[in-house]
Each structure stands twice: as C-alpha cells, then as structure tokens.
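This report concerns only the one structure given below.
Counting starts at 1 for both ligands and their atoms, following the listed order.
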Amino acid sequence: MEECTVAIKYELIKVCKQSGARLGRVHTPHGVIDTPTFMPVGTQATVKTMSPEELKQMDAHIILSNTYHLFLRPGHEIVRQAGGLHKFMNWDRPILTDSGGFQVFSLSNMRKIKEEGVEFRSHLNGDKLFISPEKAMEIQNALGPDIMMAFDECAPYPADHKYVKQSLERTTRWAERCLKSHARPHDQALFAIVQGGMYEDLRKQSAADLTSMDFPGYAIGGLSVGEPKDLMFNMLDVTVPLLPSNKPRYLMGVGSPDALIEGSIRGVDMFDCVLPTRIARNGTTMTSSGRLVIKNAKFTEDFGPLDPECSCYTCQNYSRAYIRHLIKADETFGLRLTTYHNLHFLLQLMRDVRQAIMDDRLLDFRDAFFAKYGLFDN
Ligand SMILES: CNc1nc2c(CC[C@H]3O[C@@H](OC)[C@H](O)[C@@H]3O)c3nc(N)[nH]c(=O)c3cc2[nH]1
Ligand SMILES: [Zn+2]
C-alpha cells in the first residue's frame, strides 16, 4: 500500500542487545504509542470504573473497544451519530477495536459459521444476528478507531489440525474481503490476525498468506485460549519472525505480568487483556511482590499501601485496610481503587520494560522481576 493511504506508521527505535526485544513508536491519527505497550480494555466504550482523565493520569496511550459488544448495544449507528467512539467516550488518544470474531465464538450460542459470515444469537436478548467481514468493517468504520481488526475465527483450543487448517484458510479469505471493503485506509489502519492454532506449519501458512497482502500491522490471534503458557510462547517463537519488522505486532488477549515480559522479549509490540480490570472487581491486585487478594482477613488492620513500591493514586492515598473494607462492603469506590492500581501497575511495568530495552538489560529485568513477583503468599 503506498504511504499516503496508510493511517499509521511504525518507527523502530532500537533492539535490545541482551534480549532481541524492540523499542518502537506507532504514529496514529490520534497520537503516538510507545511500544511495547499494554492497552487497557474498554469493551463497551468504557474501561470499567475509570474516567478518561484517570487513564491519562496513568498515561495509557491507547485503549480497546469491541465491535461485537457495540454492535449489539447501543448499535454502531448511534456511535456514528455521536461523531465516532473518540467523541462518544470523550477519549482523544488512539483507540483499537477488535472485530468481534472472538466474541461471536465465545459469547454467543447457536452460531453457524459459513463462508459468507457467522450467524449467531445475541447473548443479550437472543436476537438472530449475522456478522460478515463486510459487516465487521462497516461497524468499525462507524466506530472510527485508529486501528481496526480483520474479522476472523479464533479457533478453539484444543482443535484438530484439519479444523484449524480450514479455519485459518477461511480467516485468510475473510481478511481479503475486509481489505476490499476498507472504506477509509488513510484514517484507519486495518490489522490482519494470524491464526493457525498450536500447529507450527499452520502458523507459518497463516502468516505467509496474510503478510503477502501487506497490512499496516499484524495481530497474533488464537492464543491465550487456555493453552499452557509455554505452548503460547512456542507459537510466538514460530510466528513473530515471520511478521515484517517494520510493522507493529499485537498479541491479542495477553496481559499477565510474566506474559507481557516474555512476549516483549519475543518481539511483540502491543498487548491487551481484561485481566487487570476483571480481577480488580473481585479485589485481586497485582503488586511488585505478586498477587494480593485484599479480602484476606490478614489485611483487616494493615494500614500500609497496597504496594509500598507503587506511586499510583491508590497507593499514595489509601490503605489495605480501607480498600479491604470497601470491597467487603461492596462499595463501588473500592473497585475503582483496585482497578486504578492494577492498570497503573501494568502500564508502569511496560514503562520499565521499555527502559530496560533502552538500557540493553531486559533479561536482567525479567529475572529481577520474577525473583520478587512470586514471593507473595496471600
Ligand atoms: C483472552 N484471550 C484472548 N482474547 C482474544 C481475542 C479478543 C480480545 C478482545 O476480547 C475482549 O476481551 C475478552 C476484549 O474486547 C478484547 O479486545 C481475540 N480476538 C480476535 N479477533 N481474534 C483472536 O484470535 C483473539 C484471541 C484472543 N485470546
Ligand atoms: Zn498502586
């Protein structure tokens, strides 16, 4: 694609001499993203319990939203009338929307996959709905994110070689149809999603098919679907080297601290995961010494911060005892405090990862991080 029709540009800043990880920047219509980056997930046009101002305070560079959910509610035409997602949710930095491929297969029942697209019932009211590659592009065109994802099938795990091969080949044909129906390539970058399950040969086939179509960025899909972590890392070792080095690489649905560090070491630039926001809502927090479940009785009279090494708003102003009280009392403010801290923790982790790449010491950083992170027994 000639330069003028591409909405984003990847700038490689340097490669870590110790690990091979890379420091980069993704230039988008709504601003620059420093990579490797963690993207907070705002599936229904909000990062649950956080305001845009708080997300800026913790310096989130980009957030996610979701085609499937917004198609069902409030409907993409409402968002279009509002002037697009940035206006609708009052977020003027970059946005990435997932195509709904994952949700159609994971959230709705009674779905039928055809060459044309996927027939399914709404998980909200049982309405019979249909999403095709063209429909997914129409919805994302209305939502107006800086980065949109091709409509794909995230193959289930485990799945046999024959099923995964047929699925990836359909995903490739769907990606081609997405490209053809891409209305505003100069405004919105369309990323393809590499599939292939846990099969090296199929990962190579999917990567080869999609990189021959020259997308502005590539996601690695079909992972973090219940497989053992070392299998996921093994699939990364196979797939990442097949992706162009001058384009961003996005590992979908990955966000535990160890996976963010290991994925960065393997050359991944972008990550998203609901983990930090989801576990926060039942009072589980990530600290430099490991996971801390705040409801644990031992924190009843603990007036120290969640994480003594954390500089976030929650840790500077509130105690474990207070947060434990709020979570036990089902007080919404408690969820806000744990969510704020968990997101800040992962965003800070990625700032530390980027600094470690700059200093050519990411493997040392990893070892030091893991030496402490596993220490906590709740
Ligand atoms: C958790 N593991 C995981 N998530 C995944 C997602 C959804 C992320 C999206 O789903 C929602 O969170 C579950 C959020 O909106 C997020 O952006 C994927 N999406 C697509 N299109 N294709 C994939 O192969 C895929 C694989 C994933 N593995
Ligand atoms: Zn904190």
Mark the output for Gln103 as yes if a heavy-atom distance to ligand 1 is under 4.0 Å, and as no if none is.
yes
Gly222 neighbourhood, listing ligand 1 atoms whose heavy-atom distance to it stays under 4.0 Å
23 (C), 24 (O), 26 (C)
Please confirm whether Thr97 comes under 4.0 Å of ligand 1, counting heavy atoms of the residue only.
no
Hey, which atoms in ligand 1 end up nearer than 4.0 Å to a heavy atom of Ile193?
21 (N)
Check this for me, if you would: do Glu309 and Lys372 make a salt bridge, where the nitrogen-to-carboxylate-oxygen distance has to be below 4.0 angstrom?
yes
In the protein, what heavy atom is nearest to atom 9 (C) of ligand 1, and what distance, to one decimal place, separates them?
Asp98 OD2, 3.4 Å
Distance from atom 17 (O) of ligand 1 to nearest protein heavy atom, with residue and atom:
Leu64 CD2, 2.9 Å
Using 4.0 Å as the upper bound for N to carboxylate O, is an ion pair formed by Glu116 and Arg177?
yes
So is there a nitrogen or oxygen of Arg278 less than 3.5 Å from a nitrogen or oxygen in ligand 1?
no
Count the heavy atoms of every other residue, nucleotide or ligand shown that sit under 6.0 Å from NZ of Lys295, and state whether that count exceeds 12.
no
Look at the aromatic rings of His123 and His69 and report parallel, tilted or perpendicular, splitting at 30° and 60°.
perpendicular
Residue that, paired with Asp146, satisfies side chain to side chain donor-acceptor pair (under 3.5 Å) out of His86, Arg93, Gln188:
His86
Which atoms of ligand 1 have any heavy atom of Thr43 under 4.0 Å away?
14 (C), 15 (O)
Taking the six-membered ring for Trp, are Tyr313 and Tyr340 ring centroids under 6.0 Å apart?
yes
Considering only non-hydrogen protein atoms, determine which one is nearest to atom 15 (O) of ligand 1 and report residue, atom name and distance to 0.1 Å.
Asn66 ND2, 2.9 Å
Looking at Gly221, which atoms of ligand 1 are within less than 4.0 Å of one of its heavy atoms?
23 (C), 24 (O)
NZ (Lys17) with more than 12 external heavy atoms under 6.0 Å
no
Is the shortest side-chain N to carboxylate O distance from Asp364 to Arg361 below 4.0 Å?
no
What protein heavy atom lies closest to atom 28 (N) of ligand 1? Include the residue and the distance to one decimal.
Leu223 O, 2.8 Å
is_close_aromatic(Phe151, Tyr68), centroid dist under 6.0 Å:
no
The one among Ala150, Ser99, Ser224 that brings a heavy atom closest to atom 2 (N) of ligand 1:
Ser224
Using the six-membered ring wherever Trp is involved, compare the ring planes of Tyr318 and Tyr322 and label them parallel, tilted or perpendicular (cut-offs 30° and 60°).
parallel
Note, the Zn ion (ligand 2) has protein N, O or S atoms under 2.8 Å numbering 4
Residue, atom name and distance, where the atom is the protein heavy atom closest to atom 1 (C) of ligand 1:
Gly253 O, 3.5 Å
Contact check, His69 vs ligand 1, heavy-atom distance below 4.0 Å:
no
Return the closest protein heavy atom for atom 25 (C) of ligand 1 as residue, atom name and distance.
Phe102 CD1, 3.6 Å
Parallel, tilted or perpendicular: rings of His161 and Tyr199 (30°, 60°)
perpendicular
Taking atom CD1 of Ile8 and atom OG1 of Thr28, what is their separation to the nearest 0.5 Å?
8.0 Å
Does Arg266 count as lying over the ring of Phe233, i.e. NZ or CZ under 6.0 Å from the six-ring centre, within 45 degrees of the axis?
yes
Here the atoms of ligand 1 under 4.0 Å from any heavy atom belonging to Val274 are 12 (O)
Counting neighbours of NZ on Lys229 that are heavy atoms of other residues, nucleotides or ligands and sit closer than 6.0 Å, is the number greater than 12?
yes
Which of the ligand 1 atoms, numbered from 1, are nearer than 4.0 Å to a heavy atom of Val41
14 (C), 15 (O)
I need the contact type for Met149 against ligand 1. Using non-hydrogen atoms and a strict under-4.0 Å cut-off, is it side chain, backbone, both or neither?
neither
Between the side chains of Lys114 and Glu119, is the shortest nitrogen-to-carboxylate-oxygen separation below 4.0 Å, so that they form an ion pair?
yes
Under a 4.0 angstrom heavy-atom cut-off, which atoms of ligand 1 come close to Asp272?
16 (C), 17 (O)
Under 4.0 Å to a heavy atom of Asp152 - the qualifying atoms of ligand 1, by number
20 (C), 21 (N), 22 (N), 23 (C), 24 (O)
Looking only at heavy atoms of Met252, does any of them come nearer than 4.0 Å to an atom of ligand 1?
yes
Between CG of Leu124 and CG of Leu72, what distance do you get to the nearest 0.5 Å?
5.0 Å
